[in-house]
Amino acid sequence: LPPGSCRAFWGWLNAVFNKVDHERIRAVGPDRAASEWLLRCGALVRYQGSPKWQQDYNALPTGPLGRYKIEAINATDSCIMYRGFDYLDGLEHVTDIKLEKCMYIQDQCLQRLSETNNLQKSLQQLKIISCGNVTDKGILALHKLANLEYLYLSDLPGIREKERTCRVLQQALPKLELELDLE
């Protein structure tokens, strides 16, 4: 194999994992379809009323349509990417998202997150850690998450104007507790 072809293959496969299947969303409901997407990409989900994180795609709970509502997403080391974010649109109960070491997460993704109507209402906690493609622009885009109470930012080398970015975000979201661990 020529150098780089393995990476290209994984990039292609990850793009396939992130392709949104709107038929599937209609068939099984937004929470189930999003769970399948997230687990396929290596993320974890936690449902309302459960302390347990789901990580095994084949052990996803079955039950009546809409019974399991995603409350938290832990996307550490996952391959979620922008093209899959349509899966988030139908989620109404997500209070907590952690994006850590997500190589495909960039500003456009954070902007998309911030413009998702349901997340504007439900999301209270967001952690963005070691996502090398995130810049100040992406962090500033989060200002539409009106109910965000806690934002943790760590190891984000793309953030160049830490003070200004934090000040602007804090003005937009006065209730926000902002915790930083940035160089």
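Along the sequence shown, residues carry numbers from 1.
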Please tabulate, for the side chains in residues 165-174, all donor-acceptor contacts under 3.5 angstrom to protein atoms that are two or more places apart in sequence or on a different chain.
| unit_1 | atom_1 | unit_2 | atom_2 | d |
| --- | --- | --- | --- | --- |
| Thr165 | OG1 | Asp136 | OD2 | 2.6 |
| Thr165 | OG1 | Glu161 | O | 3.0 |
| Gln170 | NE2 | Leu176 | O | 2.5 |

Can you find a heavy atom in the side chain of Asn147 that is under 4.5 Å from one in the side chain of Ser122? no
Check whether Leu178 and Leu126 end up in the same hydrophobic cluster, where Ile, Leu, Val, Met, Phe, Trp and Tyr are linked by side-chain heavy atoms less than 4.5 Å apart. yes
Is there a chain of hydrophobic side chains (I, L, V, M, F, W, Y, each step under 4.5 Å between heavy atoms) that links Val45 to Val20? yes
One thing to verify: whether Arg112 and Asp89 come together as a salt bridge, which I'm taking to mean a side-chain N less than 4.0 angstrom from a carboxylate O. yes
In terms of heavy-atom contacts, Ala75 and Leu99 come closest through CB-CD2, 3.9 Å
Between CG on residue Asp107 and CD1 on residue Ile139, distance to nearest 0.5 Å: 7.5 Å
A side-chain contact here means heavy atoms from C-beta on lying under 4.5 Å apart; do Ser130 and Ser154 qualify? no
Atom pair CD (Glu100) and SG (Cys131), whose distance is rounded to the nearest 0.5 Å: 8.0 Å
How about Val94 and Leu123: do any of their side-chain heavy atoms sit closer than 4.5 Å? yes
Is the closest side-chain donor-acceptor distance between Ser35 and Tyr47 under 3.5 Å? yes
Among Glu179, Glu177, Gln125, Gln124, exactly one meets side-chain hydrogen bond (donor to acceptor under 3.5 Å, both in side chains) together with Tyr150. Which residue is that? Glu179
Co-membership, hydrophobic cluster, residues Tyr57 and Ile25, 4.5 Å side-chain: yes
Asn133 versus Ile105, closest heavy-atom pair with distance: CB-O, 3.5 Å
Determine yes or no for a side-chain-to-main-chain donor-acceptor pair under 3.5 angstrom, with Glu23 supplying the side chain and Arg26 the backbone. no
Residues Leu140, Arg164; criterion side-chain contact (heavy atoms from CB on, under 4.5 Å); working and verdict: CA-CA 10 Å; Leu140 289 170; Arg164 182 185 162 273; 3.9 Å; yes
Counting only heavy atoms not in Gln55 (residues, nucleotides, ligands), do more than 12 fall under 6.0 Å from its CD? no
With heavy-atom distances below 4.5 Å as the criterion, would you say the side chains of Thr116 and Leu91 are in contact? no
Of all heavy-atom pairs linking Lys144 and Gln120, the shortest is O-CG, 3.3 Å
What is the distance from atom OH of Tyr104 to atom CZ of Arg83, rounded to the nearest 0.5 Å? 11.5 Å
Value for CG (Leu151) from CD1 (Ile128), rounded to nearest 0.5 Å, stands at 5.5 Å
Value for CD1 (Ile159) from OG1 (Thr135), rounded to nearest 0.5 Å, stands at 7.5 Å
Would you give the length of the straight line joining atom CD of Gln108 to atom NZ of Lys137, rounded to the nearest 0.5 angstrom? 8.5 Å
Should Met81 and Met103 be counted in the same cluster of Ile, Leu, Val, Met, Phe, Trp and Tyr side chains packed under 4.5 Å apart? yes
Looking only at heavy atoms, which two atoms of Pro51 and Arg46 are closest? And how far apart? O-CD, 3.6 Å
Among Asp96, Leu88, Asp31, Thr95, find the one that has a side-chain contact (heavy atoms from CB on, under 4.5 Å) with Ile70. Asp31
For Lys69, is the NZ atom crowded, meaning more than 12 foreign heavy atoms sit under 6.0 Å from it? yes
Between Asn18 and Cys79, is there a donor-acceptor pair closer than 3.5 Å when you use the side chain of the first and the backbone of the second? yes
So, for Glu71 and Gly49, which heavy atoms are closest and what is the spacing to 0.1 Å? OE1-N, 4.5 Å
What I'd like to find out is whether the side chain of Leu38 reaches to under 4.5 Å of the side chain of Ser78, using heavy atoms alone. no
Spell out, yes or no, whether Val134 and Ile97 are grouped together once hydrophobic residues are joined by side-chain heavy atoms under 4.5 Å, including indirect joins. yes
Parallel, tilted or perpendicular: ring planes of Trp37 versus Phe85, cut at 30 and 60 degrees: perpendicular
Within the side chain of Arg32, is there an N or O that forms a donor-acceptor pair under 3.5 Å with the backbone of Pro61? yes
Compare every heavy atom of Gln54 with every heavy atom of Leu60, then report the nearest pair and how far apart it is. CA-OE1, 4.1 Å
